[in-house]
Amino acid sequence: MSNAAKPKSVIDDKLGTLPAWDLSDLYPGTDSPELKQDLESCETAAKDFHKRYEGGLGDLDGAALAGAIDAYQALQETLGRVMSYAQLVYSGNMSDPAVTQFYQAMQERTTAISTAMLFFTLELNGLEDDLLQSKLSSPELAHYGPWLRDLRSYRPHQLDEEIERLLHEKSVSGRAAWTRLFDETMAALRFPFAGGELGNAEILNKLGDRSPEVRKEAAKSLGKVLGENQRTFALITNTLAKDKQTEDSWRKFARPISSRNLANVVEDEVVDALVTSVSDAYPSMSHRYYKLKAKWFGVEQLPYWDRNAPLPDDNDKIISWDDARSTVLDAYASFSPKLAEVGSRFFEKPWIDAPVRPGKAPGAFAHPTVPSAHPYLLLNYQGRTRDVMTLAHELGHGCHQVFAAPQGHLMADTPLTLAETASVFGEMLTFQSLLRAESDPTRRKVMLASKVEDMLNTVVRQIAMHQFETRVHDERRSGELLPERLGEIWLETQRESLGPALKFDADYKHYWAYIPHFIHVPFYVYAYAFGDCLVNSLYAVYEQASEGFAEKYLEMLSAGGTKRHKELLAPFGLDASDPDFWGQGLSLIGRFIDELEQMD
C-alpha cells in the first residue's frame with residue numbers, strides 16, 4: 001500500500017483537525033519487505049517448532065516446557081502483529097478491493113502457518129494433571145500458570161488433533177468468509193437522505209439530530225435499506241448460527257452461550273443472574289425513563305426514532321476534537337495522573353483514526369494489537385456529546401491494553417466481561433467530572449438524561465440484544481429462520497425491554513441486521529451490561545473510600561488475563577457471584593431516574 005492510500009487527518013470547520021492513525025509502527029505498508037520477512041520467518045520457525053516439540057512435551061522438565069511456551073508465544077505474537085495490521089488496514093477502508101484482497105491473503109497465510117503449531121495446545125491439554133503439576137514447581141513454568149489454567153479449562157471440549165486442524169484450516173473459508181461478507185455488504189450500503197446518500201455511521205448519527213423530521217427520515221431510510229438487504233443478512237445469520245450449533249455439538253457445550261462464557265472465564269449461572277436482574281428491572285428503569293421522556297416531548301408514546309433524541313432543552317452544541325480531548329484527559333487526570341499520562345499518548349502519537357470516511361468500519365473500537373507495539377483506536381467522531389463519551393470509552397480500553405501489555409502476548413488479553421471495565425469506568429469518570437462542574441439546573445437535567453440513556457443503551461438494550469440472540473440460536477436448532485421471523489423476534493425483545501412508551505413501525509423490524517456483534521463475536525453483547533453494572537458498583541466503592549482506590553484499580557488493569565473476576569474484584573470487596581451484586585449496580589441507574597423525576 002502506497003503512502004497515498006493511507007488515511008489522512010481531516011480538517012473540519014466545526015470539529016477542528018481530526019487525526020488519522022499511522023500503522024507504520026506495525027508495518028510500513030502492505031507490500032513492505034518487513035511484512036514479507038515476518039511471514040517467511042514465521043513459516044520456517046513454525047515448521048521447526050513442530051518438528052522439535054511434537055509428541056515430546058511430557059518428557060520436558062518445567063524449565064524446558066517454559067522455553068517451548070516462550071517460543072510459541074513469540075511466534076503467536078508475530079502472527080498477531082500481521083493480523084492486527086491487516087485488520088486495521090481493512091477497517092480503514094472495507095470498500096477498496098485491493099485492501100480486501102490483502103486482508104483475505106493475510107488470513108489465509110497466517111492460518112496456514114499457525115496450523116503447524118496447533119498440536120501444541122492440544123498436547124499440553126493431553127498431559128495428566130499430576131504430571132503438569134510436578135512441572136509447575138519450576139518458576140519459569142509457574143509464570144505461565146494462569147495461561148495453562150485457562151487453556152486446560154477447554155479440555156472437556158477439545159477434539160482429536162485431525163478434527164481441530166480441519167476446523168482451523170476451514171475457518172478461513174467458513175466463519176471468517178461469512179463475517180467478511182457481512183462487513184463488506186454493510187460498508188457498501190448507502191442510505192438515501194435529503195436528496196443524497198449517507199453511509200452507515202452517518203445515517204445512525206442523524207438519529208440524534210435536533211430535528212424530528214431529520215430523525216424520522218434517517219430512521220425510515222435505515223429501515224428501508226436494511227429491509228431491502230434482509231435476505232442477505234438473514235442468510236449470514238442463519239449460516240453462522242448453524243455453524244456454531246454444529247461445532248458446539250461436537251465440543252459438547254450445553255448451551256449456545258456456554259462457549260462464550262468459557263472464553264470470558266465466567267460461569268453460566270453468573271451470566272444468567274445478570275440477565276434475570278436486568279430483565280426484572282425493565283419496568284423500573286427503561287419503561288419508567290421513556291415514559292418520562294415521552295412526557296417531556298408532550299406525547300403518550302415516542303416514535304422509535306426519538307428514543308435517543310436530544311431533549312427539548314438540549315442546546316445540541318457541537319464539541320470540537322480538541323475540547324473532547326481535554327474533557328476526557330482532564331477527567332482521567334482528576335482520578336489518576338498516571339492514567340491520564342497513558343491516555344495522552346494516544347493523542348500525542350498517531351494512534352487514533354477519528355474522521356468519518358466512505359468504506360470505513362462503522363462504530364468504534366480499540367484494537368490491542370500486540371504487547372510489543374501499542375493499541376489503536378477507531379472512531380467516527382462527529383462532535384456530539386455521545387461521541388465524547390465514546391472517546392472516553394475507547395480510550396479506557398486503550399489504557400487497559402497498555403497497562404496489561406507487560407503480561408506478554410498469551411496473558412495480556414482480558415476476558416470480555418472485564419475488558420469492558422476500564423472503558424465504562426472511563427465514561428463514568430468523564431461524566432461525573434462534567435456533572436460536578438455543572439451548576440445550571442437545566443443543563444444538569446440534560447446531562448443526567450443523556451447519561452441515563454447511555455446506561456440504558458449499555459445495560460437494557462444489550463441484554464435485549466442478548467435475548468434476541470439467544471432466541472435466534474435456540475430456534476435455529478429446529479431449522480432456518482425466515483427474515484420475517486428474525487424481525488418478529490427483534491420487535492418482541494425490543495418492546496419487552498423498552499416498554500409501552502415507545503412506538504415501533506414495520507421498518508424497525510429490520511434493525512437487527514446492522515448489529516455487527518451478532519456476527520463477529522456471538523454472545524458478546526452481555527459483556528457491556530456486565531461491565532456497566534460492575535463499574536457502577538466499583539464507582540460506589542471509589543466514592544465511599546477514594547484513598548488508595550486508583551492504585552488498586554490500575555493494579556487490576558495491569559493483571560490482564562492472569563486473574564479471574566473473583567480475584568480481581570476481591571480487593572474492592574465486590575463479588576459478581578453474589579446474588580445482590582447486580583442489583584447494586586443497577587440501583588445507580590434508578591437513582592439517576594429518581595433525580596430526573598424530582599426535577600420534573
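Sequence positions, counted from 1, serve as the residue numbers for this chain. Side chains included, hydrogens not; waters and symmetry mates left out as well; all remaining heavy atoms used.
Checked against the 6.0 Å centroid criterion, the rings of His473 and Phe523 qualify as a close aromatic pair. Within the 6.0 Å centre-distance limit, the rings of Phe530 and Trp582 are counted as a close aromatic pair. Within the 6.0 Å centre-distance limit, the rings of Trp321 and Tyr381 are counted as a close aromatic pair.
Contact of the His157 side chain with the Leu262 side chain is registered, since non-hydrogen atoms from C-beta on lie closer than 4.5 Å. Side-chain contact between Tyr304 and Lys503 is absent, with no heavy atoms from C-beta onward closer than 4.5 Å. At a threshold of 4.5 Å between non-hydrogen side-chain atoms, the residues Tyr526 and Ile257 count as touching. Here the side chains of Met428 and Asn536 are in contact, with some heavy-atom distance below 4.5 Å. Leu274 has its side chain out of reach of Ser277: every pair of non-hydrogen atoms, C-beta onward, lies at least 4.5 Å apart. The shortest distance between side-chain heavy atoms of Leu204 and Pro362 does not fall below 4.5 Å.
At a threshold of 4.0 Å, the pair Glu217-Lys206 does not count as salt-bridged, since none of the basic side-chain nitrogens sits closer than that to a carboxylate oxygen. The existence of a salt bridge linking Glu300 and Lys295 is excluded, since no basic side-chain nitrogen approaches an acidic carboxylate oxygen closer than 4.0 Å. Asp272 and Arg255 are joined by a salt bridge, as a carboxylate oxygen and a charged side-chain nitrogen come within less than 4.0 angstrom of each other. Ion pairing between Arg485 and Glu492 holds under the 4.0 Å rule for side-chain N and carboxylate O. Comment: Glu480 does not engage Lys242 in a salt bridge, judged by the lack of any side-chain N to carboxylate O separation of less than 4.0 angstrom. Look at Lys252 and Asp248 and you find no salt bridge, because none of the NZ, NE, NH1 or NH2 atoms lies under 4.0 Å from a carboxylate O. Between Lys566 and Asp575, at least one side-chain nitrogen of the basic residue sits less than 4.0 Å from a carboxylate oxygen of the acidic one, meeting the salt-bridge criterion. The existence of a salt bridge linking Glu247 and Arg251 is confirmed by a sub-4.0 Å separation between a basic side-chain nitrogen and an acidic carboxylate oxygen.
The aromatic rings of His393 and Tyr528 lie tilted to each other, with the angle between the two planes from 30° to 60°.
Listed by chain and residue number, Ser95, Asp96 satisfy the side-chain contact (heavy atoms from CB on, under 4.5 Å) test with Asn93 (two or more places apart in sequence, or in another chain). The side-chain contact (heavy atoms from CB on, under 4.5 Å) test applied to Trp296 returns Tyr289, Leu292, Lys293, Leu311, Lys445, Ala449, Leu596, Asp600, not counting sequence neighbours.
Pro483 and Gln230 make their closest contact through CB-OE1, 3.2 Å (heavy atoms, listed as atom of the first residue, atom of the second, distance). Closest approach of Thr414 and Ala419 over heavy atoms only: CG2-N, 3.7 Å. Here the shortest heavy-atom pairing between Ser497 and Val460 reads O-CG1, 3.7 Å. Considering all non-hydrogen atoms of both residues, Leu15 and Ile319 come closest at CD2-O, 3.8 Å. Here the closest heavy-atom approach between residue Val99 and residue Val89 is recorded as CG1-O, 3.7 Å.
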Derivation and outcome, side chain to side chain contact (heavy atoms under 4.5 Å, CB included), residues Phe468 and Gln494: CA-CA 9 Å; Phe468 166 81; Gln494 292 296 299; over 6 Å; no
Derivation and outcome, ring pair (Phe, Tyr, Trp, His ring centres under 6.0 Å), residues Tyr508 and Trp305: CA-CA 9 Å; Tyr508 190 71; Trp305 53 79; 9.8 Å; no
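Atom-to-atom distance recorded for Asp474:CG and Glu469:CD is 11.0 Å, nearest 0.5 angstrom.
Of the possible polar contacts, none joining the Lys360 side chain to the Ser91 backbone as a donor-acceptor pair under 3.5 Å is found. A donor-acceptor pair under 3.5 Å is absent between the side-chain atoms of Asp578 and the main chain of Leu574, judged by distance alone. Panel note: side chain Asn205, backbone Ala201; no donor-acceptor pair is recorded below 3.5 Å. Side chain of Thr276 to backbone of Ala273: no donor-acceptor contact under 3.5 angstrom is found. A donor-acceptor contact shorter than 3.5 Å links the side chain of Tyr511 to the backbone of Ala219. The backbone N or O of Pro500 lies less than 3.5 Å from no partner atom in the side chain of Arg495, so there is not a single donor-acceptor pair. Formation of a donor-acceptor pair under 3.5 Å by the Ser173 side chain with backbone atoms of Lys170 is found in this model. In this structure a side-chain-to-backbone donor-acceptor pair under 3.5 Å is present from Ser171 to His168. Between the side chain of Ser153 and the backbone N or O of Asp150, at least one donor-acceptor pair lies under 3.5 Å. Checking side-chain atoms of Thr239 against main-chain N and O of Leu235 turns up a donor-acceptor pair under 3.5 Å.
With hydrogens and angles left out, the side-chain atoms of Tyr282 and Glu496 include no donor and acceptor closer than 3.5 Å. Using a 3.5 Å distance cut-off with no hydrogens or angles, the side chains of Ser423 and Glu420 do pair a donor with an acceptor. Between Asn229 and His510, the side chains place no donor N or O within less than 3.5 Å of an acceptor N or O (distance only, hydrogens not considered). Checking His565 against Glu267 by side-chain atom types alone, a donor-acceptor pair falls below 3.5 Å. A donor atom on one side chain and an acceptor atom on the other are not found under 3.5 Å apart for Asn380 and Arg357. In this structure, a donor-acceptor pair under 3.5 Å is present between the side chains of Gln104 and Arg180.
Screening Asp306, Asn308, Asp209 against Arg215 for a side chain to side chain donor-acceptor pair (under 3.5 Å) leaves a single residue, Asp306. When the options Tyr524, Phe182, Trp512, Phe365 are evaluated for a ring pair (Phe, Tyr, Trp, His ring centres under 6.0 Å) with His517, the one that passes is Tyr524. Put simply, the residue from Arg384, Arg386, Arg461 that forms a salt bridge (charged side-chain N to carboxylate O under 4.0 Å, His left out) with Asp454 is Arg386.
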